[in-house]
S.K.: 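Input: one structure, supplied below.
Remember, predicted model here, so these are calculated numbers, not experimental data. Naming: A, B, ... by sequence-line order, numbering from 1 per chain.
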Amino acid sequence: MKNSEVADILYGIADMLEMQNIQFKPNAYRKAARSVEESSHDVNEIYQSKGKAGLKDKFSGVGNAISEKIEEFLTTGKLRYYEELKKKFPKHISELMEISSLGPKRIKLLHEKLKISNVKQLEAAARKHKIAKLATLGKKTEEEILKGIEMFKRGQERMFLGHALPIALEIENKIKKFKDVEASSICGSIRRRKETIGDIDILASSAKPDKVMSFFTKLPGVKRVLAKGSTKASVLLKNDLQIDLRVVESSSYGAALQYFTGSKEHNIAVRELAIRKKLKINEYGVYKGKKKIAGKTEKEVYKKLGMDYVEPELRENRGEIEASLKRKLPNIVSCNNIKGDFHAHTKFSDGSDSIEEMVAAAKKLGYEYIAITDHSKSLRVAHGLSEQKMLEHIKKIKVIDKKTKGIKVLAGSEIEILPNGELDYSDSLLKKFDIVVGAVHSRFKSSKEEMTSRILTALENPYIDILAHPTGRRIGKREPYEVDLKKVFEKAAKNKVYLEINSHPERTDLNDINAFEAKKHGCKFVIDTDAHSTSGLDYINLGVAIARRAWLTQKDIVNTSSAKQLSKLFKRIK
DNA sequence: GCCGTTTTCGGCCCGACTGTTTTCAGTCG
């Protein structure tokens with residue numbers, strides 16, 4: 001049973017309780033659901049080892065009643081309480097909850113008056129204008145519901161951070177340049193660098209919010225204005241991406257930045273902390289009674305609450321608030337700490353640029369070293385190199401290294417970890433590489449036992465330096481393969497094999513939660529781009545973002561070391 | 001249903017926008 005399945009049931013209970021007009025319980029269930037969903041602890045493992053007490057201890061918002069329900073669900077696969085509730089409500093209730101502009105109250109009304117229990121019936125009723133005739137709903141609401149259905153059918157897939165970030169920057173840049181805007185920033189999940197994002201949030205400060213609102217809602221590319229008030233507006237772009245803009249005056253800019261960056265869980269916890277300190281916090285500032293005592297900068301907002309500044313990537317209510325209060329937040333790694341890249345391809349396998357071009361691009365980024373790591377022979381789809389060709393390739397890389405000034409060029413390969421756990425080249429060839437990057441690209445559907453033993457065997461190989469993209473996932477395309485990560489982390493730490501955080505927008509693998517967990521086992525990391533062209537090297541910021549979200553510091557990341565230090569970190573680099 | 005540096009009982013994050021209401025409920029983030 002996965003954490004997400006437990007969370008889904010708790011969310012479902014919350015929705016049904018809300019429809020019965022029950023106070024407070026829905027939020028209690030949602031809080032518990034979120035904490036299970038977002039946790040790095042496996043709910044099953046916690047229950048197996050520490051029972052109900054463990055559940056209460058590890059998941060905030062889980063108390064006696066909810067821990068018992070989780071226990072029942074984990075041990076029997078069913079939850080009687082949930083089944084009983086479901087009898088009273090439409091079967092596809094969760095489906096209806098996903099329609100924008102519909103919440104528990106309206107769903108209950110629609111179910112009672114029109115016997116609507118799924119999206120299909122909802123659409124039919126709307127088209128026949130039955131909804132507009134209901135008390136408290138009307139023509140406009142009916143239209144909104146139809147638009148919501150349209151969006152639902154298209155599927156509101158979340159977008160990769162790597163794809164959303166440039167779009168967000170472009171829009172934010174236009175807003176920043178508008179004459180009545182004093183300051184602006186991207187907020188929300190993009191500022192926190194979540195791996196996927198749902199919409200783009202932008203904050204601006206201005207003394208003339210109305211003008212900014214008009215400018216924003218008339219930007220080229222806007223398909224539809226979803227909402228427009230005096231300080232807040234939402235638009236839908238032609239590519240169906242939603243952008244929310246909030247405008248405040250400069251004395252509130254910091255408080256608004258804090259509020260609008262989230263996460264929701266972080267903000268709720270911060271506000272609860274404020275209440276305990278007899279303060280009030282909202283998007284305009286921190287208040288003691290009626291007096292505003294902070295708001296201009298984020299730093300002073302946190303300071304008034306007795307906290308150190310919290311980097312946006314840490315704001316997920318995963319312990320950062322407690323750490324901040326104790327002055328124990330980590331000094332997380334940043335892009336300018338990165339001194340090189342250990343994973344890059346050229347046109348000798350499946351890349352599109354030459355070795356020289358990749359090296360020049362790395363040099364331009366200010367790197368001290370780059371490893372050229374084309375694919376090994378078994379990965380035929382990526383034109384993996386035969387032993388003979390790889391030997392020539394290594395020679396070529398060494399020649400280029402000699403004649404290139406200002407950057408060290410390392411000879412490496414992304415080598416297949418074969419199904420039996422062996423590496424794809426003979427030992428006599430392996431010993432010629434500066435860097436050996438091991439990776440799995442086949443038989444993704446193997447059992448957990450097979451995959452785990454395959455990778456553990458590879459981690460025992462004396463030549464492997466780095467384990468690339470350790471879970472093999474492609475966001476939205478391929479689920480991570482089944483593998484016992486705990487065992488992988490233990491072995492990698494013991495044998496000093498570095499775990500890769502892959503910066504490719506569709507991979508970002510390890511993810512933040514895995515990396516956080518791996519550090520606890522004593523693992524060290526490399527942040528690589530897996531670039532297949534010179535422009536691919538620029539994605540390093542996405543890998544760094546994961547590392548930051550995983551609380552990793554410069555010390556945890558091997559490629560923050562200078563070129564001179566590499567001989568101490570790798571067996572075959574002199 | 002959860003939780004505690006005011007509390008083991010009595011609170012529970014907070015404000016903007018929309019529609020349909022003539023004073024506010026529902027939804028959203």
Side-chain angles (χ1 to χ4, degrees), chain A residues 10 13-15 17-19 21-35 55-57 59-70 81 96-110 131-145 147-148 187-189 192 197-203 209 213 217 225-235 242-248 252 255-256 258-287 305-306 317 322 325:
Chain A
L10 296 176
I13 292 173
D15 291 338
L17 292 175
E18 190 146 36
M19 259 171 279
N21 254 330
I22 292 170
Q23 302 289 302
F24 305 112
K25 283 195 195 183
N27 275 342
Y29 274 94
R30 282 199 188 107
K31 192 173 180 186
R34 275 198 302 266
S35 104
L55 297 175
K56 286 200 279 185
D57 182 42
F59 304 104
S60 67
V62 173
N64 288 326
I66 295 183
S67 65
E68 266 173 31
K69 291 189 174 73
I70 295 178
Y81 178 64
L96 290 169
M97 281 292 289
E98 285 184 37
I99 304 289
S100 127
S101 79
L102 281 193
K105 303 278 163 62
R106 285 175 181 170
I107 291 173
K108 185 182 180 218
L109 182 77
L110 291 167
I131 292 173
K133 291 188 186 106
L134 292 177
T136 72
L137 298 178
K139 207 177 151 197
K140 289 229 173 169
T141 309
E142 190 173 79
E143 282 168 20
E144 281 305 307
I145 288 171
K147 281 175 190 164
C187 295
S189 50
R192 301 198 313 279
I197 63 111
D199 59 13
I200 296 175
D201 299 307
I202 299 175
L203 173 73
M213 284 297 143
T217 50
V225 177
L226 300 170
K228 185 187 172 200
S230 57
T231 66
K232 190 178 164 184
S234 295
V235 301
Q242 184 178 327
I243 309 185
D244 296 342
L245 175 71
R246 187 76 189 258
V247 182
V248 297
S252 292
Q258 196 284 325
Y259 157 79
F260 217 22
T261 297
S263 68
K264 193 172 177 177
E265 290 71 36
H266 174 86
N267 283 357
I268 289 174
V270 166
R271 285 176 193 196
E272 284 167 354
L273 175 68
I275 292 171
R276 286 205 295 278
K277 292 186 177 283
K278 294 189 175 170
L279 299 170
K280 189 178 89 156
I281 177 166
N282 59 26
E283 57 261 60
Y284 302 109
V286 182
Y287 296 84
L305 298 172
N317 198 21
E322 295 79 357
L325 287 166

S.K.: For A/K133 and B/dT20, what is the distance between atoms NZ and C1' respectively, to the nearest whole Å?
M.R.: 17 Å
S.K.: Under 4.0 angstrom, heavy atoms only, what part of the nucleic acid is A/L102 near: base, sugar-phosphate, or nothing?
M.R.: sugar-phosphate
S.K.: Which value, in whole Å, describes the distance between the P atoms of nucleotides B/dG10 and B/dA16?
M.R.: 32 Å
S.K.: In whole Å, what is the span from the CZ atom of A/F59 to the C1' atom of B/dC3?
M.R.: 18 Å
S.K.: What distance, rounded to whole Å, do you find between the two P atoms, one in B/dC9 and one in B/dC14?
M.R.: 25 Å
S.K.: Specify the separation, in whole Å, of atom CG of A/L110 and atom C1' of B/dT27.
M.R.: 14 Å
S.K.: With rounding to whole Å, what would you report as the distance between B/dC17 and B/dC13 at their P atoms?
M.R.: 22 Å
S.K.: When you measure from the side chain of A/I66, which nucleotide among B/dG1, B/dT18, B/dG26 comes out closest?
M.R.: B/dG1
S.K.: Identify, with sequence neighbours excluded, every residue that meets salt bridge (Lys or Arg N to Asp or Glu O under 4.0 Å) alongside A/R30.
M.R.: A/D15, A/E18
S.K.: Kindly write out the residues that satisfy side chain to side chain donor-acceptor pair (under 3.5 Å) with A/S252, not counting sequence neighbours, or none if the list is empty.
M.R.: A/K292
S.K.: Now, which nucleotide makes the Watson-Crick or G-U wobble pair with B/dT8, with each of the two distances under 3.5 Å?
M.R.: none
S.K.: Could you state the CZ-P distance from A/R30 to B/dG29, rounded to the nearest angstrom?
M.R.: 13 Å
S.K.: Could you state the atom-to-atom distance from CD of A/E98 to C1' of B/dT27 in whole Å?
M.R.: 16 Å
S.K.: Measure from the side-chain N and O atoms of A/T261 to the backbone N and O of A/Q258, and report whether any donor-acceptor pair falls under 3.5 Å.
M.R.: no
S.K.: Do A/V247 and A/L245 touch side chain to side chain, with heavy atoms closer than 4.5 Å?
M.R.: yes
S.K.: Please list, chain by chain and in numerical order, all residues satisfying side chain to side chain donor-acceptor pair (under 3.5 Å) with A/T231, sequence neighbours excluded.
M.R.: none
S.K.: Please check if the side chain of A/S67 supplies one atom and the backbone of A/K56 the other of a donor-acceptor pair under 3.5 Å.
M.R.: no
S.K.: Distance check, C1' atoms only: B/dC12 and B/dT18, in whole angstrom units.
M.R.: 26 Å
S.K.: Map A/T136 and A/L17 onto DNA chain B by nearest heavy atom, then report which one ends up closer to the 5' terminus.
M.R.: A/L17
S.K.: With a 3.5 Å distance limit and no angle check, can you tell me whether A/E142 reaches the backbone of A/A132 through a side-chain donor-acceptor pair?
M.R.: yes
S.K.: To the nearest Å, how far apart are A/K140 NZ and B/dC17 P?
M.R.: 16 Å
S.K.: Counting any heavy atom closer than 4.0 Å, what does A/K105 reach on the DNA or RNA strands: base, sugar-phosphate only, or nothing?
M.R.: sugar-phosphate
S.K.: Indicate whether OP1 or OP2 belonging to B/dC28 is found under 4.0 Å from a side-chain N or O atom of A/S234.
M.R.: no
S.K.: With a cut-off of less than 4.0 Å, is there a side-chain N or O of A/K69 near OP1 or OP2 of B/dG1?
M.R.: yes
S.K.: If the sugar-phosphate is the primed atoms plus P, OP1 and OP2 and the base is the rest, what is the B/S/- string for nucleotides 4-16 of chain B, using protein heavy atoms under 4.0 Å?
M.R.: --S-----BBBSS
S.K.: Under the rule for salt bridge (Lys or Arg N to Asp or Glu O under 4.0 Å), what residues qualify as partners of A/R106, not counting sequence neighbours?
M.R.: none
S.K.: If you find the nucleotide of DNA chain B closest to A/G63 and the one closest to A/N21, which residue's nucleotide is nearer the 5' end?
M.R.: A/G63
S.K.: I'd like the P distance from B/dT20 over to B/dA25, given in whole Å.
M.R.: 16 Å
S.K.: With rounding to whole Å, what would you report as the distance between B/dC2 and B/dT8 at their C1' atoms?
M.R.: 12 Å
S.K.: Which residues satisfy the side chain to side chain donor-acceptor pair (under 3.5 Å) test with A/D199, sequence neighbours excluded?
M.R.: none
S.K.: Using the C1' atom on both, measure B/dG1 against B/dT5 and round to a whole Å.
M.R.: 24 Å
S.K.: Roughly, in whole Å, what's the span from CG in A/L226 to P in B/dG19?
M.R.: 11 Å
S.K.: Whole angstroms only, please: what is the CZ-C1' distance between A/R106 and B/dC24?
M.R.: 13 Å
S.K.: Need one value for A/K31: base, sugar-phosphate or nothing, where a base atom within 4.0 Å counts as base even if backbone is also close, heavy atoms only.
M.R.: nothing
